[in-house]
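Scope of the values below: all heavy atoms of this structure, side chains included, with no hydrogens, waters or symmetry mates. Chain A is the first sequence line, chain B the second, and so forth, proteins listed ahead of strands; every chain is numbered from 1.
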Number of protein chains: 2
Amino acid sequence: MIKKERSLMAYTPEIKVMDCTLRDGGLVNDFFFTDEFVKDLYFANLRAGVDYMEFGYKASKEMFDIKKYGKWKFCDDKAIREIVGDNKTDMKIAVMADVGRCDFKKDILIKKDSPIDLIRVATYINTIPAAVEMIEECTKKGYETTVNIMAISKSNELDIDAALELLGQSSVGCIYLVDSYGSLYPEQVSRLSEKYMEIAEKYGKKVGIHAHNNQQLAFANTIEALRHGVSYLDATVSSLGRGCGNCPIELLLGFLKNPKYRINPLLKFIERHIVPMREAGVQWGYDVPYLLTGLLNQHPRTAIQFMKDSRRDYHDFYLDLLENF
Amino acid sequence: MIKKERSLMAYTPEIKVMDCTLRDGGLVNDFFFTDEFVKDLYFANLRAGVDYMEFGYKASKEMFDIKKYGKWKFCDDKAIREIVGDNKTDMKIAVMADVGRCDFKKDILIKKDSPIDLIRVATYINTIPAAVEMIEECTKKGYETTVNIMAISKSNELDIDAALELLGQSSVGCIYLVDSYGSLYPEQVSRLSEKYMEIAEKYGKKVGIHAHNNQQLAFANTIEALRHGVSYLDATVSSLGRGCGNCPIELLLGFLKNPKYRINPLLKFIERHIVPMREAGVQWGYDVPYLLTGLLNQHPRTAIQFMKDSRRDYHDFYLDLLENF
C-alpha cells in the first residue's frame with residue numbers, strides 16, 4: 001500500500017484545483033447562466049489562482065434540444081471564446097464529454113483551433129472501452145484528458161480494478177475517484193485513494209477526486225483524498241451543483257497552504273452572484289433528503305424531486321427509499 | 001501512540017450518543033423552547049436510541065436574569081421532571097455547568113433527589129482547578145461527570161497536556177475534545193484524539209468529542225475521532241446550535257452501525273419542529289461568515305453578528321477579520 005500522507009502545514013506543488021461551478025451547477029439551472037455570471041466567474045477563478053475552470057458539457061445537439069438548455073450544455077468553442085478570448089492566462093479551460101451523449105468526433109475540434117485545454121471524459125464502469133476510444137481521440141487531437149468513473153459505490157471491486165488497469169494503459173492524464181451518490185465516508189475514500197494512486201503511480205498518471213455533499217462530507221472527503229496523494233481537486237463556488245452540490249471551493253482554497261490560492265475574489269463573486277441566485281429561489285445544497293439517498297447509496301433523483309415538490313415529509317420519504325433499496 | 005482504529009462495518013458497543021439540541025440550540029433562541037418541543041425531542045431521542053439528552057445549562061440565577069432566558073438556561077430539577085417524570089428509561093439526562101457561571105453548591109442537588117444523571121462541566125484551560133473542584137463536588141453528590149475543555153485550538157500544547165493530566169487524576173468520567181471555533185481539520189482531530197485517548201487509557205477515563213460545523217467538518221471530525229477510540233459523541237438535531245451549529249445527529253445515527261440507533265423518530269421531529277423553526281426565521285447552520293472565523297481560528301461572535309445584521313459583504317468581513325487576527 002502506498003502511504004504518501006502530506007502534512008497539514010506543507011503545500012503540495014502538484015495540486016490542481018478544478019472549478020466545476022458551471023458544469024455541475026448547470027445541472028441545477030439547465031445551464032442558463034448569464035454571460036455576466038460566466039465572465040465574473042472566469043475572472044474570480046483567475047484571481048483566486050484556480051488551475052482549471054470547467055465550462056460545461058460538450059453534449060450532442062442531436063440528442064439534446066438546444067432550445068431547452070443554456071449554451072454551456074454544449075460548450076461551442078465560439079461561446080467559450082466570447083468569454084475568454086484566447087485565454088492568455090495560466091488557468092486552463094476544461095469541458096466534460098459524456099460517453100454516449102456527445103458527438104466527439106465532430107464537436108471536439110483540433111486543440112490548436114480551440115480555447116479548450118482539457119477534455120474530461122465521464123463514463124460508467126460498463127462503458128470503459130468507449131471512454132478509452134474517446135480519450136485516445138482527444139489525445140490525438142492535442143488535448144489533456146481526464147476520466148471520471150461514475151457511480152463506483154455501486155460497482156464491484158474487481159470491476160473497478162479492471163477499469164483502472166484499462167485506463168492506466170490508455171493515454172489519459174488523470175483518473176478521477178468520483179463519489180456520485182455522496183455515499184462514501186472518509187475511511188472509504190482513504191482506501192479507494194490508495195487503490196487509485198497505486199495504479200496511477202504504476203502508469204505515471206495523476207488521480208483526482210469529485211465529491212458530493214449528501215452527508216456533509218464533500219470537503220472532508222476531498223482533503224482526505226489529498227492526504228493520500230490525490231492531486232486534482234474538484235470544487236464549486238458555494239457548493240453549486242446537482243442536488244446537495246459539491247465540495248465548496250471557498251472551503252478548499254481556505255484549507256490549501258499554497259500561497260497562490262486566494263479566497264477573496266470568490267467571496268466577491270458569492271456576494272455578487274450566489275446570494276441573488278439563492279434569493280431568486282434556485283435550490284441546491286445539503287438537506288435531509290440528500291442525506292437519506294447518500295446513506296442508502298442511491299441516485300439523488302428522488303431527493304431532487306422531493307425538494308422540487310416542496311415536500312417536508314422526510315420520514316415517509318425514508319420509508320419509500322428503504323422499500324426500493 | 002495508540003492506534004485503535006475501528007472498522008466501518010463493525011459497531012463499537014461503548015459508543016454514547018449525546019443529544020445537545022436544547023443546550024447548544026438554546027444559544028440560538030435564548031432557551032425559549034416550548035414544552036411541546038422539549039417533550040417531543042425527549043421521546044424522539046428515546047425512540048432513536050440516543051444515550052444521553054442534554055437539557056440545558058445550570059446557570060447562576062444571580063448572574064443571569066431569569067426573565068431574559070427560557071427555563072433551560074437554568075434547568076431546575078423541577079422543570080426537567082415536568083418533562084421526563086422519573087425518567088424510567090435507558091436514556092440518561094445531562095446538564096451543563098460552566099465554571100464561574102453557576103452556583104453548583106446550591107443549585108446541583110444530591111443525585112438521589114434529582115432526575116439528572118450527568119453533570120457536564122465546561123471550562124477554559126486556565127480554570128481547570130475550579131473545574132476539578134466542581135467535578136469532585138458532583139461526584140460526591142452521586143453524579144456521572146464529563147468535562148469540556150473549551151477553545152483548545154487557541155491553547156498551548158503543553159498547557160493541554162498539563163490540563164489532561166490534572167483531569168486524569170480527578171474523578172471525572174469522560175474528557176471532551178472540543179472544537180469551539182470549528183477550526184480543526186480531521187488530521188488535527190486525529191492527532192488530538194490520540195493524545196486524549198492516551199491520558200484516558202492511563203487513568204481509565206472515556207473521551208468525547210464536541211464539534212462545530214464552521215468548515216462543514218463537524219460530522220467528519222466526529223467520525224474521525226471515533227476511529228481513534230473516542231466514544232462520547234455530541235450531536236444536535238439538524239445541527240441546531242450556536243452560529244454554524246454542530247454535528248447533525250441524523251448524519252451520525254445514519255453512520256453508526258449499532259442496531260439500537262434509528263433515525264426515523266428524529267426525521268419525524270425535524271418535520272414537526274425544525275422545519276417550522278427555520279420558516280419562522282430562526283437562523284443557524286453553515287454559511288460563509290462561519291467558514292471565515294473557523295478558518296482564522298476565531299470566536300464566531302463576529303460571524304453571528306454579521307448574520308444578524310443580514311449583511312452579505314463577505315469580502316469586507318474577511319478583511320476585517322484579517323486585521324484583527
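- With contacts defined as side-chain heavy-atom distances shorter than 4.5 Å, the pair A:Leu251/B:Tyr286 qualifies.
- Summarising the geometry, atom CZ belonging to A:Arg278 is positioned 10.5 Å from atom CZ belonging to B:Arg312; distances are rounded to the nearest 0.5 Å.
- Proximity of a side-chain donor or acceptor of A:Gln216 to a complementary backbone N or O of B:Gln216 within less than 3.5 Å is not detected.
- Proximity of A:Leu217 to B:Phe255: side-chain heavy atoms (C-beta onward) are nowhere separated by under 4.5 Å.
- The residue among B:Asn213, B:Asp316, B:Asp313, B:Val288 with the most heavy atom pairs within less than 4.5 Å of chain A is B:Asp313.
- Distance check: B:His315 NE2 to A:Glu271 CD gives 7.5 Å after rounding to the nearest 0.5 Å.
- The two residues A:Leu295 and B:Gly254 come nearest to each other via the heavy atoms CD1-O, 3.2 Å.
- A:Leu292 touches chain B through its side chain: at least one heavy atom from C-beta onward sits under 4.5 Å away, while N, CA, C and O do not.
- Using a 4.5 Å cut-off between heavy atoms, A:Asn221 makes no contact with chain B at all.
- Neither the backbone nor the side chain of A:Phe317 comes within contact range of chain B; no heavy atom of the residue lies under 4.5 Å from a heavy atom of that chain.
- At a 4.5 Å heavy-atom cutoff, B:Leu296 makes no contact with chain A through either its backbone or its side chain.
- At a heavy-atom separation below 4.5 angstrom, chain A is approached by B:Ile263, B:Asn264, B:Leu267, B:Lys268 within residues 259-269 of chain B.
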